[in-house]
Structure formats: structure tokens, C-alpha cells
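Report on one structure; see the data block that follows.
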2 protein chains.
Amino acid sequence: MPRRATAQDVADLAGVSRSTVSLVLNGRADGNISATKQLQVIEAARQLSYRPNAVALSLRSQRSWAIGALTWRGASGFPESMLHASWHTAKAAGYLLMIMDTNGDRKHEGLAVSSLLDRQVDAVVVVAPDLVEYRPPEALAQTPTLLINCLDPDRTVVSIAPDELGASASAAQILIDLGHSRIGLLADDAATVQTEQRIEGAQAAAVAAGIPPLEIMVAGHELAAAYALTQERLAGPRPLTGLICTHERLAVGALLAATRQGLDIPGDLSIVSLEDGEHLASELVPAVATVRRPDQPMAEQGIALLIKQLISGGRPEPQQLTFVCPVDLRASVGPVPTDHFRR
Amino acid sequence: MPRRATAQDVADLAGVSRSTVSLVLNGRADGNISATKQLQVIEAARQLSYRPNAVALSLRSQRSWAIGALTWRGASGFPESMLHASWHTAKAAGYLLMIMDTNGDRKHEGLAVSSLLDRQVDAVVVVAPDLVEYRPPEALAQTPTLLINCLDPDRTVVSIAPDELGASASAAQILIDLGHSRIGLLADDAATVQTEQRIEGAQAAAVAAGIPPLEIMVAGHELAAAYALTQERLAGPRPLTGLICTHERLAVGALLAATRQGLDIPGDLSIVSLEDGEHLASELVPAVATVRRPDQPMAEQGIALLIKQLISGGRPEPQQLTFVCPVDLRASVGPVPTDHFRR
DNA sequence: CTGAAAGCGCTTACAG
DNA sequence: CTGAAAGCGCTTACAG
């Protein structure tokens, strides 16, 4: 049961002092240590599979090389793709991402923050599952903090957010450009900036195009509710020809309902989804056109920014960076049905 | 910019030594420190919001109070619910779960393991997205290790796995009990124990019931492939009356295809899903009956076991713990259609 | 050119 | 009943 080798073990084996080991292994031996001893140290380290104890390193250097991530479960689960991209970006820069579930409430958030600060994280990133307003906890005042997919109303830190207004406007515009004028919007019922903006952006596009306002159908975040609402609406008079879903699970419900009604997609009804963090819309049949939330770029650039700040040591200007949501045109959208005008 | 208070700061404010602070704050002051001083220390700590530096604590105690988790992306993403339950169980016991993405390959796994060992994790848990055979890396030989949703062929550590044979047998039995005898199985194409066992278990149930062998349809893990296969098969002669899907995304595809074909579920076709880690099957319309993988209990009991081992310090007998997969009967299954025999 | 010492923030025997 | 010392594993001035 050999315990992990320490610098002392390496020094003993190489017949030098701990300082020498440290200098050699950290590349600061150049003009100082004789070539022979350097080789001895390197060989001893190799032989013992020596790796410095990161805990001791942290204590010594007052840097943990760790970034804390605060996150929680939202309308469509955890923001998996943002967390994944954050983790990899941090890792590539030599940082560990410590992910903490705040449960979405201030009490657990407080515990999570304490736990991160106890472990001396160098920075904290907040990764929100849905775009919301978010005030960083007081306890983080001294810690570099960055917000991803949420906005600080007090503008005290850098935040990164998708252009939700633009995204929903794009979604509506896809349908408008194809001639649709009777368009519905299946929305989440959460009282968030996200839902607000998704409705507002799409509605603005309708107004700008001079078509009637979109019919807002509030489905909650449940797939089955989206199904029920879609079915009900499609059974009624003057059926919709276009439908926007604020996230992918709603699109599954809508597609299923329309399909059961015997409608052809996109022959009778065109469907567009927003978000698609779970990669569901893209896999459906027909594949559902999506104005996708750019989870990966947001997370990558966010973490890169945070690390740059860590290296420079400066405090960046608080600002909001907005990311465009790319349009993925797919088979679920088509021209407005010609017989539609006859009904 | 007040830096975090240290024990020395508390000692200074309370007018005592660091040792006294430590004893009082760790509840070992009883017969040793006067009541007055104890109060002074507690008050000083409160005033400075003192919390011990976890890094220093780790170095001193040779325990990091952290458990490393190795995981990767599988057929249906990361094993989110297992990770979530693991994190919370660890947290409740005072441990931090450090989640590392191994990318599913040995090279990145090696880097992840090194990184965890550098940080002196007290134990490691491997959380596999799909049931596979898994040999713990050599480097973990000295570290308490537990496998969740994977099996060590060499039986060197404790592993926790769902009863996949039983689960798929149950799925088939649901249909058999309802009178079905023409049953298909939409399967993942991965060459894993999981796929093997899911096919084998269902097939064994068919044999035991004396019905024809299940028709195995290999769909890969793509929803769209499940759609295509289902559509093709349903268009053919002697249509299936029952369908088992090895995971929830395949069930979405199958349901969509059957619905587009104008079939009634379960009137014309009964559908059962396995796994449902993403909670999709349960949300569909009709809700799809599922033999669910018990992600939460597996993770909770796994972590609890690992922590018990950490506390006792003993090495547990390597063993495989098998968890039963509960049956969630839902609207997607019904008796075999009566007109079926006439075709 | 190299080793001995100090110190990061803790706790725990050990003196007094 | 309380403080001074040692030590966890490192690195970095500082002597020699």
C-alpha cells in the first residue's frame, strides 16, 4: 500500500533537498541547479509517479484552480449543455468546475456558496437553466462572478444571455416569410424574463409584419399540456397554420397532437421551436425547425472571459453580453396551405 | 476588501490563542476552557463570520471530504438523475461530489482520475450512463471505489446495477399478460451488456410464455431511426400489436410513427418503454408504460454505502448489488385488439 | 550552485 | 485551564 509520493520522497531518492525538487519540477532550475542533479530529480519523480498534492499547492498559493458553478433544475431539467461546455472550457485552462445544485432557492444557494468559499474557489459562475433575473448573493461580493443565461438587474457583474427577443422574432419571421398569418404561440407559464421576452419578440414580429397578433396558449412546461392545448385549438374553427413552441418538449406535444389529428406537418401546420437544449426538436419526424439557444458558445466564452479576468486580476466592467440564437431551418416548416384561404 | 477571517483573527479579537479557538469551535472545550472565554471565542467568530478554510483542513486532516465522480455521455446523454441523487446524498453527509467527464475514453479518464487524486478525493464513484462492463483504472487501486450502473468483470469492487434482465422480462410480461403475442423490440445498437440483457430478458419471457420470439428491430439510439423502423414494420403484413422500446427516445419515435399511421394507442398497438431517465415516456400522450431504471435509489444507496465505508475505514467485500426496476403501468398498454385475429 | 527556514491555515498532542 | 510547538505538503525568498 504505498501512499502517494511527496516532494520529500523525491528529494530523498534523488539525494537532494525539497527545494531543489521544487525548483527543478517547476522549471526554475535553469541557472541554479546542475544538469546532473536535475536529471536525478526528474528520474526520481518519474520513478515514484510523483504529482504535487493539489491541496498543499492551494494552501500555499492561495489559489485553488477551481471555479464554482451554481446551477439548478429549470423547466427542462438542468442546463446540461451549458454545464458541459463550461466544465470542458475550464478544464482546458487548468481549472476544475465544482458544480453545485442550489435547488433554485436562496437557502440552499447560501449553503452552496459557503461551501464553495470554504474550498477557496477562485471564481464563481452562475449557470441558469432558464433566462431569469438574478442577483448574486452578498457573500460573493469579493469573488469574481459571472452570470450565464441570467441577468443582474443591478448590473454589478458581467452577464451572458441569449437574445431571446431576437430569437422569438426570428421564429415568427420564419413563418411570416412563408406566408403564414394565423400563428399560435405555445408558451411556458413561468413568470420569467424568458417567457416574457419570447412572447414579446414574436408578437413584435407579427405587428411589424402587419399580421394579426399571435394567439398565446399557456401550456406550462409539460409536454402533455402542450398536447391538450394544441389538440383543442386545432379542433376549433379557423385552425392555425403556424405554431411556435417556446421549448422543445412543448414541440413534441404539439407535433404529436397535430399528427393524431391527421394533419400533415408542414402541409397543414408548420411548427417552430425555441431553445432545444435537450436536442429533441432536431430528432423528431419531421425534424422541427428551431431557433436554438447557443448554449455552447455562451458557456465557452463566458468561462474564457472569467479565466482571463482571473489571470489579469482586474475587475471587468459589468456588462451584458448578448448572443444571437441561430436559426436551424428544418422540414417542419413550409408555405401556408393554399386551401387555407377557402375555409 | 476584508479578506476571509482566519482562526488567528478570531483569536486576536477574542484575546486568546489559536488553539483555544480551535478547541472551542470544535466542541472539545468542555473541561478545558472557561465558560467566559468560550463565549468570547464564539462571539468573535460570529462577528467575523469565521468559517474554517477547507483547504487547510484537508491538508491537516488528510481528508478532503470530497468524492470524485467519473461519468460520460451515453445513448441518452449524461446520467443526470443518478448524478443529481449522488450529489445530494454526498452533500447531506458533508461530502462534495466532484463530477468529471471522462469523455468515455481511457485517455481522458486517466486525466480525470489524476486530477481527482491530486485533489486528494476520499473516494471515487463511477456513474455510467448505460449498463456496461467497466474495469476501474489501475490508479484507483488505493482509493475506495464504487460502480453505479456498471459491472466490474473482475469483481474487484462493489457495483450497483439495475436488474436489466428482469426489467425487460417485466416489460414483455406486461404485454403477454394482456394477450399479445406479436411483439416487437426496438433496441439500441450499442454492443453493451445493457442492450444484450434487454433483448435477452424480453426474449426469455416470450419463450417462457410460449409465444413466438420477439421481432428485434435495431434502431440505434436515434429517435428518427425508431420512427422509420416502426413505420416500416407497421406498414407491413401481420402488424405487431405490442412494442417494447429499450429507452424513452425510441418510444417517442415509435409513438409518433404509429400515430401518423392512424393507429390508436393502445387500441391497435401497445407500447412499453424501458429506462426513461429523461422522464419523457411518462409525459407523452398517451403516457407510455415504463419499466423504469431506479436511478435515484441506486445512486442514493451507492453513495451511502461508499460513505459508510469511508467512515468505517474497512474494505468491503466486492459484490454486485442488483436493483429491481419498478413497473409503471400507464395508458399506452391495453388488451390485444380483437380484430387482430381476423386479419 | 544548493540547503535550511518560513509560512499558507488548520488541529492536536504537549508543556506549564 | 491555556498557550507554544509541531506538522500536513508545498514554494519562495534567504543564507551560505
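Chain letters run A, B, ... following the sequence lines, proteins first, then strands; residues in each count from 1. Values in this document were obtained by computation on a predicted structure and should not be read as measured data. Side chains included, hydrogens not; waters and symmetry mates left out as well; all remaining heavy atoms used.
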Inset, instruction - Determine, for A:Tyr134 and A:Arg155, whether the Lys NZ or Arg CZ falls below 6.0 Å from the six-membered ring centre while staying within 45 degrees of the axis. - result: no
Legend entry - N/O (side chain, A:Thr20) to phosphate O (OP1/OP2, C:dG3) under 4.0 Å: yes
Inset, instruction - Tell me the partner of D:dA15, counting only Watson-Crick (N1-N3 plus N6-O4 or O6-N4) or G-U wobble (N1-O2 and O6-N3) with both under 3.5 Å; none if nothing fits. - result: C:dT2
Legend entry - Rounded distance (Å) that lies between atom P of C:dC1 and atom CD of A:Gln40: 15 Å
Legend entry - D:dT12 phosphate, OP1 or OP2, under 4.0 Å from A:Arg28 side-chain N/O: yes
Inset, instruction - Grab the CD-C1' distance between A:Gln8 and C:dA4 for me, whole Å please. - result: 12 Å
Inset, instruction - Verify the contact: side-chain N or O of B:Gln62 to OP1 or OP2 of D:dG9, cut-off strictly under 4.0 Å; return yes or no. - result: yes
Legend entry - Along DNA chain C (nearest heavy atom to each residue), the more 5'-positioned of B:Ala7 and A:Leu23: A:Leu23
Legend entry - Short side-chain N/O contact to C:dT2 OP1/OP2 from A:Ser34, under 4.0 Å: yes
Legend entry - Short side-chain to backbone donor-acceptor contact, A:Ser19 and A:Ser17, under 3.5 Å: no
Inset, instruction - Check whether any side-chain N or O of B:Tyr50 sits under 4.0 Å from OP1 or OP2 of C:dC10, and answer yes or no. - result: yes
Inset, instruction - Please lay out, stage by stage, how A:Asp105 and A:Lys107 fare under the test salt bridge (Lys or Arg N to Asp or Glu O under 4.0 Å). - result: CA-CA 6 Å; A:Asp105 65 66; A:Lys107 187 186 140 221; over 6 Å; no
Legend entry - base_contact_polar (D:dA4 base, B:Ser19 side chain, donor-acceptor, <3.5 Å): yes
Legend entry - Whole-Å gap separating P (C:dG3) and CD1 (A:Ile33): 8 Å
Inset, instruction - Would you indicate which nucleotide in C:dG9, D:dT2, C:dT2 comes nearest to any side-chain atom of B:Lys37? - result: D:dT2
Inset, instruction - Describe the nucleic acid contact of A:Leu59 in one word from base, sugar-phosphate, nothing, applying a heavy-atom distance below 4.0 Å. - result: base
Inset, instruction - Could you please spell out the steps behind the salt bridge (Lys or Arg N to Asp or Glu O under 4.0 Å) verdict for A:Arg4 and B:Asp118? - result: CA-CA 10 Å; A:Arg4 246 175 109 86; B:Asp118 291 349; 2.7 Å; yes
Legend entry - Length of the CG-P vector between B:Asn53 and D:dG9, whole Å: 17 Å
Inset, instruction - Look only at the side chain of B:Gln120 and the backbone of B:Gln62, and say whether a donor-acceptor pair between them is shorter than 3.5 Å. - result: no
Inset, instruction - Using the P atoms only, state how far C:dA4 lies from D:dG7, rounded to an integer number of Å. - result: 16 Å
Inset, instruction - Rounded off to whole Å, could you give me the CZ-to-P distance for the A:Arg18 and D:dG9 pair? - result: 10 Å
Inset, instruction - Grab the CG-P distance between A:Asp118 and C:dC10 for me, whole Å please. - result: 10 Å
Legend entry - Length of the CG-C1' vector between A:Leu57 and C:dC8, whole Å: 11 Å
Legend entry - Atom pair distance, as rounded to whole Å: CG in B:Asn26 and C1' in C:dG9: 13 Å
